[in-house]
Amino acid sequence: MSTTDDRDRPGHRDASPGPLAHRVPDLGALELLLAVARLGSLGGAAREQGITQPAASSRIRSMERQLGVALVDRSPRGSRLTDAGALVTDWARRIVEAAEAFDAGAQALRDRRDSRLRVAASMTIAEYLLPGWLVALRAQRPDTAVSLLAGNSTAVAERLLAGEADLGFVEGLTVPGGLDSAVIAHDRLVVVTAPSHPWARRRRPLAAEELAATPLVLREEGSGTRQVLDAALGGLARPLIELSSTTAVKAAAVGGAGPAVLSELAVGEELGMRRLVRIPLQSVALARDLRAVWPTGHRPAGPARDLLSLTRG
């Protein structure tokens with residue numbers, strides 16, 4: 001009675017000698033074999049697959065070595081499948097059909113993803129930059145429905161992390177935890193008042209200490225504007241009025257409610273028409289970066305990727 005294990009016999013292959021990908025021919029090789037079976041010609045199959053005949057021959061030989069059986073008999077009259085080749089071709093056809101179903105399903109997922117884009121943006125970006133970007137995106141992707149969720153920078157981060165937005169834009173000093181980012185623009189905050197305010201007639205730049213001690217018309221806590229201003233001044237007086245949008249802050253300042261600090265992007269028209277006056281500020285940098293943000297490790301794809309490209313343009 002032999003004590004030799006089957007696995008010790010010459011030619012025996014373990015049922016699982018490694019990853020399946022190392023033991024099964026790749027999809028391109030299987031498609032080539034199917035073309036040979038259908039056309040009866042290795043040269044014709046090579047042309048159909050867009051490769052040279054030597055490359056096709058090499059691919060068939062490599063597949064034969066991988067499987068350990070001859071698949072194609074070559075002769076001056078053409079190429080025909082061996083019995084083993086015919087059997088392998090039947091299996092290959094099922095694999096290719098499954099791959100086609102996989103590809104169709106993946107395309108359906110891409111189509112569903114590309115049919116909508118959910119954007120979350122802080123107020124200044126939502127009001128003064130995003131409209132132009134979205135018009136440009138519409139020209140590129142007319143079939144993509146876009147929804148815009150405007151809020152402060154903290155709310156933008158929350159929506160992204162909750163999976164309620166595909167791409168976000170913030171204007172604070174730091175990137176919220178759990179998000180990756182890219183700087184897309186730069187901005188500066190400016191102090192403005194109505195022309196009737198005493199500051200509008202002052203001759204010297206405003207000192208940082210006086211600004212910090214003055215009750216201002218401000219955005220709410222959590223806004224990028226508030227974060228930048230608070231960090232630059234080392235603290236703020238209790239707000240004169242606290243409002244949840246840039247437009248509301250600007251309207252209050254124009255109406256004479258009190259001084260405000262706003263993005264240059266938001267007040268250009270009002271400054272040009274003298275509805276607001278810019279107050280020079282002494283020795284304080286109120287510059288900030290505007291950033292696109294997305295969940296860490298999930299680089300924007302589809303329409304979100306295209307919108308990100310437009311912001312950089």
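As a basis for the values below, the full set of heavy atoms in this structure was taken, side chains included, without hydrogen atoms, waters or symmetry mates.
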If hydrophobic clusters are built from ILVMFWY residues whose side chains come within less than 4.5 Å, do [X] and [Y] share one?
X      : Y      : result
Leu42  : Val88  : yes
Ile241 : Leu276 : yes
Ile279 : Leu286 : yes
Trp294 : Val156 : no
Leu129 : Leu117 : yes

Please report, to 0.1 Å, the donor-acceptor pairs under 3.5 Å made by any side chain of residues 257-268, with sequence neighbours excluded.
residue: Ser263; atom: OG; partner: Asp187; partner atom: OD1; Å: 3.0
residue: Ser263; atom: OG; partner: Asp187; partner atom: OD2; Å: 2.7
residue: Ser263; atom: OG; partner: Leu265; partner atom: N; Å: 2.9
residue: Glu264; atom: OE1; partner: Arg188; partner atom: NH1; Å: 3.2
residue: Glu264; atom: OE2; partner: Arg188; partner atom: NH1; Å: 3.3
residue: Glu264; atom: OE2; partner: Arg278; partner atom: NH1; Å: 3.0

Measuring from [X]:[atom1] to [Y]:[atom2], what's the distance to the nearest 0.5 Å?
X      : Y      : atom1 : atom2 : answer
Arg23  : Leu67  : CZ    : CG    : 11.5 Å
Leu130 : Thr311 : CG    : OG1   : 9.0 Å
Arg312 : Leu307 : CZ    : CG    : 11.0 Å
Leu218 : Leu229 : CG    : CG    : 6.5 Å
Thr52  : Arg59  : OG1   : CZ    : 9.5 Å
Arg138 : Asp143 : CZ    : CG    : 7.5 Å

Review point. Is it true that Arg202 and Glu210 have a side-chain N and a carboxylate O under 4.0 angstrom from each other?
Key: yes

**Study point:** Test side-chain contact (heavy atoms from CB on, under 4.5 Å) applied to Ile60 and Arg74, step by step
**Key:** CA-CA 11 Å; Ile60 291 294; Arg74 305 161 186 81; 3.0 Å; yes

Review point. Is there any ring-ring contact (aromatic ring centres under 6.0 Å, His included) pair reaching into residues 187-233, and which pairs are they, with sequence neighbours excluded?
Key: His197-Trp199

Closest non-hydrogen atom pair between [X] and [Y], with its separation:
X      : Y      : value
Glu171 : Ser122 : OE1-OG, 2.6 Å
Ser223 : Asn152 : CA-CB, 3.6 Å
Tyr128 : Thr247 : OH-OG1, 4.1 Å
Ala194 : Val254 : CB-O, 4.0 Å
Ser79  : Val36  : CB-CG1, 4.2 Å
Ala252 : Leu243 : CB-CD1, 4.0 Å

Revision key, fill the gap. Exactly one candidate in Val135, Leu137, Leu134 meets side-chain contact (heavy atoms from CB on, under 4.5 Å) with Leu310; the answer is Leu137

Is any side-chain heavy atom of [Y] closer than 4.5 Å to one of [X]?
X      : Y      : result
Arg288 : Thr225 : yes
Lys250 : Val192 : no
Leu33  : Val72  : yes
Ile184 : Leu308 : yes

Is it the case that the side chain of [X] and the backbone of [Y] share a donor-acceptor pair, with hydrogens and angles ignored and the cut-off at 3.5 Å?
X      : Y      : result
Thr82  : Ala70  : yes
Arg226 : Arg219 : yes
Asp180 : Gly297 : yes
Ser57  : Gln53  : yes
Thr296 : Gly178 : yes
Glu64  : Leu71  : yes
Thr89  : Gly85  : yes

Exercise for review: Check the pair Phe169, Leu290 against side-chain contact (heavy atoms from CB on, under 4.5 Å), reporting the backbone distance first and the verdict last.
Suggested key: CA-CA 7 Å; Phe169 297 94; Leu290 306 182; over 6 Å; no

**Study point:** Contact list for residues 26-53, test salt bridge (charged side-chain N to carboxylate O under 4.0 Å, His left out), sequence neighbours left out
**Key:** Arg38-Glu48

Point to revise | Pair listing, salt bridge (charged side-chain N to carboxylate O under 4.0 Å, His left out) test, anchored in residues 291-301, at least two apart | key: Asp289-Arg291

**Study point:** Pair Val24-Trp91, side-chain contact (heavy atoms from CB on, under 4.5 Å): steps then yes or no
**Key:** CA-CA 11 Å; Val24 176; Trp91 299 336; over 6 Å; no

Practice item. Let me see the working for Asp306 and Arg141 under side-chain contact (heavy atoms from CB on, under 4.5 Å), right down to the final yes or no. Key: CA-CA 9 Å; Asp306 292 347; Arg141 289 181 171 269; 2.6 Å; yes

Could you go through residues 157-168 and list every donor-acceptor pair under 3.5 Å that involves a side-chain atom there, pairing it with any protein atom two or more places apart or in another chain?
residue: Arg159; atom: NH1; partner: Glu164; partner atom: OE1; Å: 3.3
residue: Asp166; atom: OD1; partner: Arg118; partner atom: NH2; Å: 3.0
residue: Asp166; atom: OD2; partner: Arg118; partner atom: N; Å: 2.8
residue: Asp166; atom: OD2; partner: Arg118; partner atom: NE; Å: 3.4

Review point. If you group Ile, Leu, Val, Met, Phe, Trp and Tyr whenever their side-chain heavy atoms sit less than 4.5 Å apart, what else falls in with Phe102?
Key: none

